[in-house]
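Step one of this worksheet: look at the structure below.
Note that this is a predicted model, so its numbers are computed, not measured. We name chains A, B, ... by the order of the sequence lines, and we start the count at 1 in each one.
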Number of protein chains: 2
Amino acid sequence: MRLSARTHYALRAAAELAAAPPGPVPAERISTAQRIPRRFLDNILLQLRRAGLIHSQRGPDGGYWLARPADQITLAEVIIVIEGVPQDNEAFFGASEPLEKVWATLRENETRVLTGVTLAHLADGSLPTL
Amino acid sequence: MRLSARTHYALRAAAELAAAPPGPVPAERISTAQRIPRRFLDNILLQLRRAGLIHSQRGPDGGYWLARPADQITLAEVIIVIEGVPQDNEAFFGASEPLEKVWATLRENETRVLTGVTLAHLADGSLPTL
DNA sequence: CCTGATTCCTACTAAATAAGTCGGGTTAGG
DNA sequence: CCTAACCCGACTTATTTAGTAGGAATCAGG
């Protein structure tokens with residue numbers, strides 16, 4: 001799979017929000033709970049907010065919260081927001097042509113798992129049969 | 001999955017060797033058949049040889065060939081040779097802990113497919129049920 | 001034993017990506 | 001108006017990627 005540190009952080013931050021009681025969670029809290037460098041986290045949360053995945057509130061008692069119920073946000077969605085859509089522009093010739101099908105299979109497996117797990121699953125520790 | 005261009009080239013080169021009739025295949029041929037930059041290919045083939053995956057012969061009528069029967073070389077093996085062993089050093093805390101299991105599942109799926117497909121499968125276009 | 005085809009090998013480079021950091025601006029509550 | 005928080009673009013440093021360069025070593029055939 002190979003995901004960037006940024007993406008791992010985003011997923012962990014999202015998990016933290018999903019597990020928190022309702023109401024704004026300040027970045028500082030997420031940062032310490034998940035051991036994510038504070039300024040970097042700001043940056044990531046900003047990206048999640050711009051993508052519409054979370055909402056935010058400034059000022060005292062401000063913070064971040066999920067824009068939708070945790071069981072309606074999949075890991076795949078978070079990953080896409082951070083990594084962007086994967087673009088494959090490989091070409092296959094002759095003997096290597098069957099590789100295309102192998103990659104397709106791999107991608108399907110991946111997608112199936114990542115769209116099958118939601119933030120709610122992470123929050124209550126009950127993973128679905130994958 | 002995300003593999004480097006180098007790894008894709010290695011796989012395609014290996015597929016080409018698997019599909020060729022017995023005997024040395026010159027790099028030049030692989031390069032044109034699979035549209036791989038010549039000098040870069042040299043470099044990659046060298047790495048495959050040092051790993052013991054292929055053999056080579058210099059001079060006229062020289063070239064490269066598989067060190068073992070094509071049905072005994074898996075895609076996983078080629079990938080490991082080029083990419084090295086993947087090292088994950090992520091740590092999980094609290095709400096994000098279940099992620100570990102998700103990544104494990106993903107890795108298992110991947111491994112199952114990549115160790116299940118051999119160069120022989122590519123060569124004769126008969127992929128196993130994945 | 002010379003010639004040309006072919007592999008072998010180290011080193012180099014330009015561009016992209018990754019992983020943060022920095023400095024300050026903006027907003028809201030008390 | 002003060003303080004806690006988010007907002008935002010730009011910057012930096014290191015690593016990886018995708019090759020390229022230049023030539024040395026080897027081997028078959030004539």
Side-chain angles (χ1 to χ4, degrees), chain A residues 1-13 16-17 20 23-32 34-67 79 82-91, chain B residues 2-13 17 20 23-32 34-67 79 82-91:
Chain A
M1 188 56 203
R2 178 54 193 161
L3 298 173
S4 65
R6 186 180 182 86
T7 303
H8 282 288
Y9 288 156
L11 288 165
R12 280 160 52 189
E16 195 67 25
L17 291 181
V25 181
E28 187 59 34
R29 188 118 81 89
I30 304 174
S31 169
T32 57
Q34 291 295 328
R35 313 271 218 289
I36 303 172
R38 179 56 212 281
R39 305 297 291 256
F40 197 17
L41 177 61
D42 275 359
N43 205 302
I44 294 165
L45 289 169
L46 191 59
Q47 189 173 358
L48 292 178
R49 201 215 38 167
R50 281 176 173 160
L53 234 51
I54 63 178
H55 288 143
S56 64
Q57 165 82 26
R58 298 210 258 205
D61 291 318
Y64 299 89
W65 63 95
L66 297 179
I79 292 172
I82 303 293
E83 306 250 303
V85 287
Q87 50 182 2
D88 64 346
N89 34 8
E90 210 199 351
Chain B
R2 176 56 191 159
L3 299 173
S4 64
R6 187 180 182 85
T7 303
H8 281 289
Y9 287 156
L11 288 165
R12 280 160 51 190
L17 290 181
V25 181
E28 187 59 34
R29 188 119 77 90
I30 303 174
S31 170
T32 55
Q34 292 295 329
R35 312 272 218 287
I36 303 172
R38 179 57 213 280
R39 303 298 294 253
F40 197 16
L41 177 60
D42 274 359
N43 206 303
I44 293 165
L45 289 169
L46 192 57
Q47 189 172 358
L48 292 178
R49 201 215 41 165
R50 282 176 172 159
L53 234 54
I54 62 178
H55 288 144
S56 64
Q57 165 82 25
R58 297 209 260 205
D61 290 318
Y64 300 87
W65 63 95
L66 297 178
I79 292 172
I82 303 293
E83 306 248 305
V85 287
Q87 50 184 2
D88 62 348
N89 33 9
E90 212 199 351

Closest heavy-atom pair, A:Ile54 versus A:Arg49, reported as atoms and distance to 0.1 Å, is O-CG, 3.3 Å
Query raised in the report: Is there a donor on the side chain of A:Arg39 or the base of C:dG23 sitting less than 3.5 Å from an acceptor on the other?
Result: yes
* Asked: When we call it a touch if two heavy atoms are under 4.0 Å apart, what does A:Arg38 touch: a base, just sugar-phosphate, or nothing?
  -> sugar-phosphate
ask   = Quick check: are there more than 12 heavy atoms from other residues, nucleotides or ligands sitting under 6.0 Å from CZ of B:Arg29?
value = no
Within residues 40-48 of chain A, the residues having a heavy atom closer than 4.0 Å to DNA chain C are A:Phe40, A:Asn43
Minimal heavy-atom distance between B:Ala27 and B:Tyr64, with the atoms involved, is CB-CE1, 3.9 Å
Note: chain B reaches DNA chain D at heavy-atom distances under 4.0 Å over the stretch, first to last nt, 5' to 3', of D:dA18 to D:dA28
Between B:Leu48 and B:Ala10, the two heavy atoms sitting closest are CD1-O, 4.3 Å
Closest heavy-atom pair, B:Ala67 versus B:Gly52, reported as atoms and distance to 0.1 Å, is CB-O, 3.3 Å
By nearest-heavy-atom nucleotide on DNA chain D, the more 5' of B:Gln57 and A:Val25 is A:Val25
In terms of heavy-atom contacts, B:Arg35 and B:Tyr9 come closest through O-CE2, 4.5 Å
Next item on the list: Kindly say whether A:Arg2 contributes a backbone atom to a donor-acceptor pair with the side chain of B:Arg2 at under 3.5 angstrom?
Entry: no
The nucleotide from C:dC9, C:dG29, C:dT6 with an atom nearest the side chain of B:Arg49 is C:dC9
Walking DNA chain C from its 5' end, the first of A:Gly59 and B:Gly59 to be reached, judged by nearest nucleotide, is B:Gly59
d(A:Arg6 CZ, A:Leu41 CG) to nearest 0.5 Å is 10.0 Å
Judged by nearest nucleotide, the residue sitting upstream toward the 5' end of DNA chain C, B:Pro60 or B:Tyr64, is B:Pro60
- [ ] Return no unless some side-chain N or O of A:Arg6 is found under 4.0 Å from OP1 or OP2 of C:dT17.
- [x] no
Worksheet item: Hey, does the side chain of B:Ser31 reach the backbone of B:Ile36 with a donor-acceptor pair shorter than 3.5 angstrom?
Response: yes
Problem set entry | N or O in side chain of B:Arg50 less than 4.0 angstrom from C:dT10 OP1/OP2 | yes
Between A:Asp61 and B:Tyr9, the residue closer to the 5' end of DNA chain D by nearest nucleotide is A:Asp61
